[in-house]
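Data block below; observations after.
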Amino acid sequence: MDPITIVLALAGVGAGFVANNVMTKTKLGSAEEAAEKELKKAKKEAEKALDEAREEATKVSEKARQEEATRRKEIKEIEQRLLDREVSLDKKLDDIDRRAEKLRTSETEAEQLKDEIRSIRVKQQEKLEKIAKLTKEDAAGKLMQMTERDIRQDLLGLISKLENEARETAEEKGAVIIVEAMERMASEVTAERTVTAVKLEDEEMKGRIIGKEGRNIQALQRATGVDIMVDDTPGMIILSSFDPVRREVARQALEMLLKDGRVHPGRIEEVVEKAQAVVQKEVVRAGEDAAREVGIIGIPKEVLQLLGELKFRTSYGQNVLKHSTEMAHMAGIIAEELGANVKTVKYATLVHDIGKALTHKVEGKHHHIGADTLRKYGVPEDICHAVEAHHDDVDATTTEAHIVRVVDAMSAARPGARNISAENFAERMKDLENVALGFNGIEKAYAISAGREVRIFVKPTDIDDLGAIKLARDVATKIESTMQYPGTIKVNVIRETRAIEFAK
């Protein structure tokens with residue numbers, strides 16, 4: 001390559017470089033101008049925003065200053081009101097103190113005046129006593145005597161008039177009250193009997209009840225103390241006993257045996273024990289039901305037990321529990337008419353014959369036994385007195401006791417309510433059993449066959465065979481010497497020895 005070409009090439013490169021450099025500087029200048037413009041614009045906008053912010057801050061600050069000034073003004077007003085109130089209260093307290101001081105001064109002056117008046121009265125009384133030559137008590141006594149003399153005749157006349165009016169109207173008013181009570185109370189009048197009938201489903205069961213050579217029926221009679229008659233009435237078994245509790249136990253036991261079908265001496269004893277437990281539950285339920293029916297609460301459990309036993313007791317053929325509940329209803333009606341204590345009257349009439357549940361255990365009359373028993377269990381004395389006084393040997397001192405006595409007569413005197421002959425029969429049977437039970441070594445004694453036989457079960461460990469023979473003779477001798485009875489009485493002493501062992 002020649003030199004000229006090289007020179008030209010280098011010249012061209014240099015020119016291009018210079019041109020390029022010029023162009024670059026031109027572009028840089030344009031960019032700087034644009035940036036300068038944008039920067040100025042941004043500064044203006046920033047200054048504008050800053051001015052606006054300053055104005056807003058100035059407004060907020062001014063508003064806050066105004067609100068603070070308002071609150072300070074309100075606080076000052078409140079402080080001023082409190083100061084004014086405090087000043088007012090101080091004035092009132094000062095007034096109260098002044099008044100209290102005046103009152104204390106007045107009280108002191110009043111007490112001084114009272115003392116002076118008392119002193120004057122004492123001096124005047126002493127002068128009067130000297131002049132009259134009488135003390136205050138003597139003068140009062142003489143004044144009372146003079147007044148009594150003046151009005152005695154008037155009082156006697158008034159009392160006599162009131163007594164005559166009471167006598168004339170008492171019987172009529174009493175009759176009206178009693179009739180009203182009887183009209184509002186209605187109950188059955190059927191007397192209790194001494195027999196119970198149990199129906200047989202078929203005649204085959206009669207043979208089972210009798211057992212081989214009569215051992216089943218004898219075991220049942222021995223366990224219950226009840227006469228059992230199977231041949232007198234077709235399709236029926238008759239249970240006869242003066243004691244309704246025994247009859248009920250025998251009925252329950254017999255119905256269990258007829259339902260079960262298994263009848264033998266061992267089973268009979270087991271069933272009789274179950275029947276006795278059932279009757280015991282009925283006793284408790286009967287007492288609770290009677291108290292609930294009458295509306296009396298709070299009766300002790302022991303008293304309820306004895307009250308339930310009256311369901312199976314009779315008085316001259318009349319059921320004692322029904323008699324007591326009937327009395328309680330009538331007594332409540334009469335007590336309301338007379339203004340007496342209804343609760344006391346109802347309580348007393350409900351339990352008035354409770355001693356009859358214990359007469360076979362405790363010596364004495366049933367109303368005394370009942371009252372003592374109620375006292376024992378914490379029953380109030382007014383109720384105990386009414387119970388004790390419902391017969392004539394104890395004077396009735398309260399209205400409630402008189403009401404109990406009246407309704408007892410009302411309930412017992414209704415036609416058909418009682419059967420005297422049945423009660424006499426029951427008493428004779430009890431006396432017959434008590435004669436036998438008076439000897440040692442006796443386990444149980446039952447009067448059966450309408451009193452023609454007394455069946456005695458002895459303890460085999462206490463009495464041997466010869467002793468049983470002697471006991472029968474002694475009992476018969478005592479019956480002959482102490483009781484009156486028609487015909488003859490068979491004394492049957494039974495001694496049974498059992499040997500029991502268990503295979504394990």
Side-chain angles (χ1 to χ4, degrees), residues 170 173-188 283-311 313 315 318-358 365-414 417:
K173 289 183 178 179
V176 170
I177 293 173
I178 290 173
V179 169
E180 288 179 354
M182 294 174 68
E183 286 176 348
R184 292 170 62 183
M185 182 65 204
S187 62
E188 61 184 23
V283 164
V284 176
R285 190 182 306 115
E288 294 173 349
D289 291 344
R292 191 180 303 111
E293 178 184 348
V294 175
I296 300 298
I297 60 175
I299 300 178
K301 292 182 179 179
E302 297 83 359
V303 177
L304 284 176
Q305 165 74 24
L306 296 174
L307 183 64
E309 291 183 12
L310 297 181
K311 178 181 179 181
R313 302 290 174 186
S315 179
Q318 184 183 28
N319 185 278
V320 178
L321 185 57
K322 290 182 180 178
H323 163 64
S324 300
T325 53
E326 175 186 274
M327 278 181 57
H329 290 301
M330 290 192 294
I333 296 170
I334 294 175
E336 289 179 356
E337 294 290 337
L338 298 180
N341 190 316
V342 176
K343 181 180 178 181
T344 298
V345 168
K346 282 190 171 185
Y347 198 148
T349 48
L350 182 63
V351 300
H352 80 287
D353 271 346
I354 203 169
K356 290 184 178 179
L358 294 168
K365 296 181 179 180
H366 73 276
H367 50 288
H368 296 306
I369 297 172
D372 292 340
T373 302
L374 293 174
R375 291 188 182 100
K376 175 183 176 182
Y377 294 120
V379 177
E381 180 58 29
D382 53 349
I383 296 173
C384 298
H385 169 70
V387 170
E388 194 169 25
H390 81 271
H391 285 304
D392 296 332
D393 59 343
V394 176
D395 292 333
T397 59
T398 63
T399 304
E400 290 78 10
H402 282 288
I403 294 174
V404 174
R405 184 178 290 186
V406 168
V407 293
D408 185 32
M410 289 169 58
S411 176
R414 292 180 295 110

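Worth knowing before you read on, the calculation uses all heavy atoms, side chains too, and leaves out hydrogens, waters and symmetry mates. Because the structure is predicted, anything quoted here is derived from the model rather than measured. Just so you know, residue 1 is the first one in the sequence shown, and it goes up from there.
- The closest side-chain heavy-atom distance from Asp408 to His391 is below 4.5 Å.
- In this structure, CD1 in Ile403 is found 9.5 Å from OG1 in Thr349, a value given to the nearest 0.5 Å.
- Residues passing the salt bridge (Lys or Arg N to Asp or Glu O under 4.0 Å) test with Arg375, sequence neighbours excluded: Asp372, Glu381, Glu388.
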Worksheet item: Stepwise, does the side chain to side chain contact (heavy atoms under 4.5 Å, CB included) test hold for Leu374 with Val351?
Response: CA-CA 9 Å; Leu374 293 174; Val351 300; 3.7 Å; yes
Item to complete: List the steps and the verdict of side chain to side chain contact (heavy atoms under 4.5 Å, CB included) for Glu288 and Arg292.
Response: CA-CA 6 Å; Glu288 294 173 349; Arg292 191 180 303 111; 4.2 Å; yes
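- One finds the OH atom of Tyr377 at 9.0 Å from the CD1 atom of Ile354 (value rounded to the nearest 0.5 Å).
- Distance check: Glu400 CD to His385 NE2 gives 9.5 Å after rounding to the nearest 0.5 Å.
- The minimum heavy-atom distance linking Val342 with Gly332 is given by the pair CG1-CA, 4.1 Å.
- Asp353 CG to Ile369 CD1: the interatomic distance, rounded to the nearest 0.5 Å, is 11.5 Å.
- Here the CD1 atom belonging to Ile296 is positioned 11.5 Å from the CG atom belonging to Leu304, to the nearest 0.5 angstrom.
- Minimum interatomic distance between Ala286 and Lys311 (heavy atoms only, all atoms of both residues): CB-CD, 3.7 Å.
- Here the rule is ring-ring contact (aromatic ring centres under 6.0 Å, His included) with His352, and of His366, His323, His367 only His323 fits it.
- Taking CD1 from Ile334 and NE2 from His329, the interatomic distance works out to 13.5 Å, rounded to the nearest 0.5 Å.
- Within the 4.5 Å cutoff, no side-chain heavy atoms of Tyr347 are placed close to those of Val294.
- Nearest approach of Ala348 to Ile383, heavy atoms of both residues: CA-CG2, 3.8 Å.
- With His402 contributing its side chain and Ala396 its backbone, the two residues share a donor-acceptor pair below 3.5 Å.
- For the pair Val387 and Val404, the minimum side-chain heavy-atom distance is 4.5 Å or more.
- In this structure, His368 has no ring-ring contact (aromatic ring centres under 6.0 Å, His included) partners at least two apart in sequence or on a different chain.
- Counting heavy atoms from C-beta on, the side chains of Ile299 and Leu350 come closer than 4.5 Å.
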